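Computed from a predicted model, the values in this text were never measured in an experiment.
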Amino acid sequence: MRRRGYDGVVLAAPTSVPYARYSNETAHWWIARALRAMLGKAGIAPGELDGFSVSSFSLAPDTPVGLTQHLGLSPRWLDTVPTGGASGVIALRRAARAVQAGDVDVVACVAGDANRIDSFRSLLSGFSRFSMDATFPYGFGGPNASFALLMDRYMQEYGATREDFGQIAVAQRANALCYPDALMKTPLTLDQYLNARMISDPIALFDCVMPCAGAEAFLVMREDEALRRDLPFARISGTIERHNAYPEDPMQLRGGWGVDIGELYDMAGHGPEGVDLLQTYDDYPVISMMQFEDLGFCAKGEGAALARRRVLTINGDFPHNTSGGQLSVGQAGAAGGYLGLVEAIRQVTGQAEGTQVANARRALVSGFGMINYDRGVCSAAAIIEGGAP
């Protein structure tokens, strides 16, 4: 049975709050700043906002319910999406169906997190009981060690080299030099990537994202509302979401996208050849390479060859993570799951300025999150297309 499309629902007002390496401000402050900037851009008063979706790792002990009072909102629809790097696309899916059903007219989707000195280590120490139980007896914890096992297995299985992963990191740094809010503002060469300090073999320094504070946001609304307000907008061509895919795999070398990718392209009415730019979730280059494959841009195991033969920069033949991605912009907690989607909305609506891809009409955005020891269990993807005015 063919799924219902997202007719009449659009995305607008992509908003990024410039990141900070460390900040004494709370997650509440970052979320509020993004919300205020976005509503101001759209010309929407807080009282007109009737839907609110929030993603954050550091909002506790508060919740989005508490934020409504803190921010003076009175929505008739409220959601929280605690799926890390998959949060942006999943928030989009939930909000779009609510708008389509008539339960809500305008939803603000916001992700934001704080980052004080040592807060990332504190977050990891209580992130997943399952992961703690599996890794702590062996003397390590946190994502670097877990993803090192994944990257090592990927290299053994498919013959990928560190040079291949370096192509992704170096291209994203080149893109970040054109993105004003990127925290990494110095060029990166392949030699620098290869000779960087080893963190958890084979993962070295430039394979890792830098934790920071920041926020990202966008609006989901009725198309007639966007037209009335003269807002540039993107239409939703298709979306997919999958959790705990391929649980029988002893080590994750494929993600949930592969289960449903045919459905995504069927909804969109085209295949990967119809996509003008790609925004993958990039907590490590190996995860982006895995998405190249599972999203259908190449066969399984050929991601390294794709990275070698294609040019992944803004002006290249395969524009990828055009803002620089988390590897060069920074990872602002749950906002990392929004970064690619917010940039994609800017791209297809012609608002990307320094990172704008020429003639960008369609973008594919994929999300990945919530690692439990040996795999990320959440995956999602969306294809969006530029609309009027």
Side-chain angles (χ1 to χ4, degrees), residues 3-16 34 37-39 41-44 51 53 81 86-100 104-111 179 216-241 264-265 267-270 272 274-281 295 314 319-323 325 335 337-367 380-389:
R3 274 180 47 204
R4 182 184 179 189
Y6 293 94
D7 296 343
V9 182
V10 300
L11 312 176
T15 301
S16 299
M38 180 173 62
L39 294 182
K41 181 185 301 185
I44 296 174
S53 177
V81 182
S87 293
V89 173
I90 293 176
L92 177 160
R93 284 167 53 88
R94 306 285 192 273
R97 291 305 188 197
V99 170
Q100 196 171 49
V104 66
D105 295 323
V106 181
V107 179
C109 296
V110 188
Y179 182 65
E216 305 278 345
F218 59 91
L219 291 174
V220 181
M221 62 201 310
R222 296 197 325 269
E223 183 171 338
D224 60 0
E225 185 71 15
L227 288 168
R228 184 176 71 83
R229 295 179 180 276
D230 198 31
L231 293 175
F233 62 79
R235 295 188 176 93
I236 307 163
S237 299
T239 70
I240 54 175
E241 175 184 340
L264 178 68
Y265 288 129
M267 288 188 74
H270 60 79
V275 173
D276 298 315
L277 60 105
L278 174 65
Q279 309 283 354
T280 67
Y281 187 79
L295 295 170
I314 295 163
H320 171 247
N321 286 354
T322 51
S323 68
Y338 273 56
L339 178 66
L341 179 53
V342 170
E343 170 71 1
I345 299 169
R346 282 194 290 258
Q347 286 284 347
V348 302
T349 56
Q351 301 178 81
E353 298 181 355
T355 63
Q356 186 66 55
V357 173
N359 303 313
R361 183 181 172 215
R362 295 181 182 134
L364 195 159
V365 184
S366 52
I383 295 175
I384 63 173
E385 186 169 338

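- Arg362 CZ to His270 NE2: the interatomic distance, rounded to the nearest 0.5 Å, is 4.0 Å.
- Between the side chain of Gln279 and the backbone N or O of Ala363 there is no donor-acceptor pair closer than 3.5 Å.
- Under the 3.5 Å distance criterion, the side-chain polar atoms of Lys41 are left unmatched by any main-chain donor or acceptor of Ala12.
- Contact between Ala380 and Val89 at its shortest, heavy atoms only, is CB-CG1, 3.7 Å.
- Between the OG atom of Ser87 and the CG atom of Leu341 there is a distance of 11.0 Å, given to the nearest 0.5 Å.
- Of the possible polar contacts, none joining the Gln351 side chain to the Ile345 backbone as a donor-acceptor pair under 3.5 Å is found.
- One N or O on the side chain of Tyr265 and one on the backbone of Leu295 form a donor-acceptor pair closer than 3.5 Å.
- Closest heavy-atom contact between Gly367 and Tyr281: CA-CB, 4.0 Å.
- Of all non-hydrogen atoms in Ala42 and Ala13, the two that sit nearest each other are CB-CB, 4.3 Å.
- No side-chain heavy atom of Gln347 sits less than 4.5 Å from a side-chain heavy atom of Asp276.
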Review point. Going through the distances and angles, do Leu92 and Cys109 end up as a side chain to side chain contact (heavy atoms under 4.5 Å, CB included)?
Key: CA-CA 8 Å; Leu92 177 160; Cys109 296; 6.0 Å; no
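- In this structure, Thr349 OG1 and Gln356 CD are separated by 7.5 Å, a value rounded to the nearest 0.5 Å.
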Would you sort out whether Glu343 and Glu216 count as a side chain to side chain contact (heavy atoms under 4.5 Å, CB included), showing the intermediate values?
CA-CA 10 Å; Glu343 170 71 1; Glu216 305 278 345; over 6 Å; no
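- Only one option out of Arg94, Arg97, Arg3 pairs with Glu241 in a salt bridge (charged side-chain N to carboxylate O under 4.0 Å, His left out); it is Arg94.
- Using a 4.5 Å heavy-atom threshold, the side chains of Arg235 and Val348 count as separate.
- Note that CD1 of Ile383 and CG of Leu264 are 4.0 Å apart. Values are rounded to the nearest 0.5 Å.
- Between Val81 and Tyr338 the shortest side-chain heavy-atom distance does not fall below 4.5 Å.
- When all heavy atoms of Gly340 and Val365 are compared, the closest pair comes out as C-CG1, 4.0 Å.
- Annotation: the span from Leu278 atom CG to Asn321 atom CG amounts to 7.0 Å, rounded to 0.5 Å.
- Side-chain contact of Thr322 with Arg346: a donor-acceptor pair under 3.5 Å is absent, judged by distance alone.
- You'll find the side chain of Pro319 stays beyond 4.5 Å of the side chain of Ile314, heavy atoms only.
- For the residue pair Gly5 and Gln100, the shortest heavy atom distance occurs at O-NE2, 2.9 Å.
- Taken from CD in Glu225 to CD1 in Ile44, the straight-line distance is 6.5 Å, to the nearest 0.5 Å.
- In terms of heavy atoms, Val99 sits closest to Val220 at CG2-O, 4.0 Å.
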